[in-house]
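As the structure is a computational prediction, the values presented were derived from the model and not from experiment.
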Amino acid sequence: MNVERFVYDINQIVSKITVNESESVIKRINYVRNRLIELYKRNIVKINHSILEVICAKHFIKYGYDVDVERQLNDILVCDLYATKGDNILIAEIETGFVPPEHALDPLTYTSARVASKIARYSAFADKFALATPVLSILPIQSIFLKPPRHRSNDEIARVKALCDRYYSNPPIKVEEIKNARLHSVLVINADDAIVKEMDPEAYVELVKSIESIGYNNYQSSSNA
């Protein structure tokens, strides 16, 4: 653990994103910075993920939210960003595309299940739920989450549940969680320039649909679940 290097890197990104910002914005960003430093000292966070959290936090702070990071939601879930504005709650999960070695032979299937499980589990705790990802990564978002809950068929729900059940069984993803889950936006993060591009899920999926030749659409449509 290199606390000095972590603090240096966090301070560098905070300095970059607070140029010409108001005292109110800087104060709320500094809260996030200090919280991440304390979490790092407890060996809870890593620098790559923390940099993305700070950049995303600034994005929501600019829209008037107060932002916390690594917020405990229940006995098993901790969300990356927990943003509040009045009575409204927004939760954002950052998906970096990391695949553990044990899934070297099925990385796309594994990531597809992980993304689906995050939408299903976390969105129940918020008025709005967002996924965030570095610009160098692609999120395989299931098409079921682009539809209102009332338009989701039992077959679609069953396919997504079967996919999630391959990787998540303790506890398993519930049918009702998949049926009622909502994805409100996707944030694409350019960490080099500390820029966030927020997109609606439909626009994001359209942007990446052209990768059909390498199998992305199979996972976006749940056909291989």
### Message
Looking at every non-hydrogen atom in both residues, tell me the closest pair between Ile10 and Ser50 and how far apart they are.
### Response
CD1-CB, 4.0 Å
### Task
Step by step, work out the side chain to side chain contact (heavy atoms under 4.5 Å, CB included) result for Thr133 and Ile138.
CA-CA 7 Å; Thr133 189; Ile138 294 175; over 6 Å; no
#### Entry: Taking every non-hydrogen atom, the tightest pair across Ala181 and Ala120
CB-CA, 3.7 Å
### Task
Fit a plane to each ring of Tyr110 and His103, take the angle between them on a 0 to 90° scale, and name the class: parallel (under 30°), tilted (30 to 60°) or perpendicular (over 60°).
parallel
### Query
Is a donor on one side and an acceptor on the other found under 3.5 Å between the side chain of Asp106 and the backbone of Thr109?
no
### Message
Side-chain heavy atoms nearer than 4.5 Å, only ILVMFWY residues, links allowed to pass through others: does that put Tyr63 and Leu183 together?
### Response
no
### Task
Spell out, as yes or no, whether a donor-acceptor pair under 3.5 Å connects the side chain of Tyr40 to the backbone of Asn2.
yes
### Value rounded to 0.5 Å, distance of CD1 in Ile37 from CZ in Phe6
6.5 Å
### Query
Got more than 12 heavy atoms from elsewhere within 6.0 Å of CD, Glu4?
no
#### Entry: Heavy-atom pair with the smallest gap, counting every atom of Val135 and Asn190
CG1-CA, 4.4 Å
### Query
If two hydrophobic side chains count as joined below 4.5 Å and joins carry through other members, does Tyr82 share a cluster with Val32?
no
### Message
Let me check something: do Tyr168 and Val99 share a hydrophobic cluster, defined by ILVMFWY side-chain heavy atoms less than 4.5 Å apart, either directly or through other members?
### Response
yes
### Task
Answer yes or no: is there a side-chain heavy-atom contact under 4.5 Å between Val160 and Phe145?
yes
### Message
Nearest 0.5 Å, please: how far is NZ in Lys118 from CZ in Phe129?
### Response
7.5 Å
### Message
Looking at Glu102, I'd like to know if its CD atom is crowded, meaning that more than 12 non-hydrogen atoms belonging to other residues, nucleotides or ligands lie closer than 6.0 Å.
### Response
yes
#### Entry: Asn74, CG atom: more than 12 neighbouring heavy atoms under 6.0 Å
yes
### Query
So do His184 and Ser123 actually touch side chain to side chain, heavy atoms under 4.5 Å?
no
### Query
Linking I/L/V/M/F/W/Y whenever their side-chain heavy atoms sit closer than 4.5 Å, directly or via other members, would Tyr122 and Ile76 fall into one cluster?
yes
### Summary
dist Met1:CE -> Lys41:NZ (nearest 0.5 Å) comes out at 10.5 Å
### Residue pair Pro172 / Lys161: nearest heavy atoms and the distance that separates them
CB-NZ, 4.3 Å
### Query
Are Ile51 and Ile44 connected in a single hydrophobic cluster, I mean Ile/Leu/Val/Met/Phe/Trp/Tyr linked by side-chain heavy atoms less than 4.5 Å apart?
yes
### Query
Hey, are Arg35 and Glu38 close enough for a salt bridge, meaning a charged N less than 4.0 Å from a carboxylate O?
no
#### Entry: Exam field: side chain Arg152 to backbone Lys179, donor-acceptor pair closer than 3.5 Å
yes
### Task
Mind checking the NZ-CZ spacing from Lys62 to Arg28? Nearest 0.5 Å is all I need.
9.5 Å
### Derivation and outcome, salt bridge (charged side-chain N to carboxylate O under 4.0 Å, His left out), residues Arg159 and Asp155
CA-CA 6 Å; Arg159 285 197 296 270; Asp155 286 346; 5.1 Å; no
### Query
Side chains of Val25 and Thr18: does their closest heavy-atom pair fall under 4.5 Å?
no
### Query
Would one find more than 12 heavy atoms of other residues, nucleotides or ligands at under 6.0 Å from atom NZ of Lys174?
no
#### Entry: Value rounded to 0.5 Å, distance of SG in Cys164 from CD1 in Ile178
5.0 Å
### Query
Stepwise, does the side chain to side chain contact (heavy atoms under 4.5 Å, CB included) test hold for Ile119 with Val115?
CA-CA 6 Å; Ile119 299 171; Val115 168; 4.1 Å; yes
### Query
What do the steps show when you test Val205 against Ser143 for side chain to side chain contact (heavy atoms under 4.5 Å, CB included), and what is the final call?
CA-CA 8 Å; Val205 169; Ser143 60; over 6 Å; no
### Message
Quick one, Asp68 and Tyr31 - any side-chain contact, counting heavy atoms below 4.5 Å?
### Response
yes
### Query
Does a sphere of radius 6.0 Å around NZ in Lys16 hold more than 12 heavy atoms from other residues, nucleotides or ligands, not counting ones at 6.0 Å or beyond?
yes
### Message
Do Leu39 and Arg42 make a side-chain contact, defined as non-hydrogen atoms from C-beta onward lying under 4.5 Å apart?
### Response
yes
### Message
Once rounded to the nearest 0.5 Å, what's the spacing between atom CG of Leu81 and atom CD of Glu53?
### Response
5.5 Å
### Message
Atom NZ of residue position Lys147 - does it have more than 12 heavy atoms of other residues, nucleotides or ligands inside 6.0 Å?
### Response
yes
### Query
Val196 and Val188: side chain to side chain contact (heavy atoms under 4.5 Å, CB included), yes or no, with the steps?
CA-CA 6 Å; Val196 172; Val188 181; over 6 Å; no
### Query
Would you say the side chain of Glu95 lies within less than 4.5 Å of the side chain of Glu93, judging by non-hydrogen atoms?
no
### Backbone N/O of Asn11 and side chain of Ser15: donor-acceptor pair under 3.5 Å
yes
### Query
Does Val67 reach the side chain of Leu90, with side-chain heavy atoms less than 4.5 Å apart?
no
### Query
How about Ile91 and Leu73: do any of their side-chain heavy atoms sit closer than 4.5 Å?
yes
### Summary
Between Pro201 and Leu146, the two heavy atoms sitting closest are CB-CD2, 3.5 Å
### Summary
Scanning both residues in full, the closest heavy-atom pair of Ser137 with Tyr204 reads O-OH, 4.0 Å
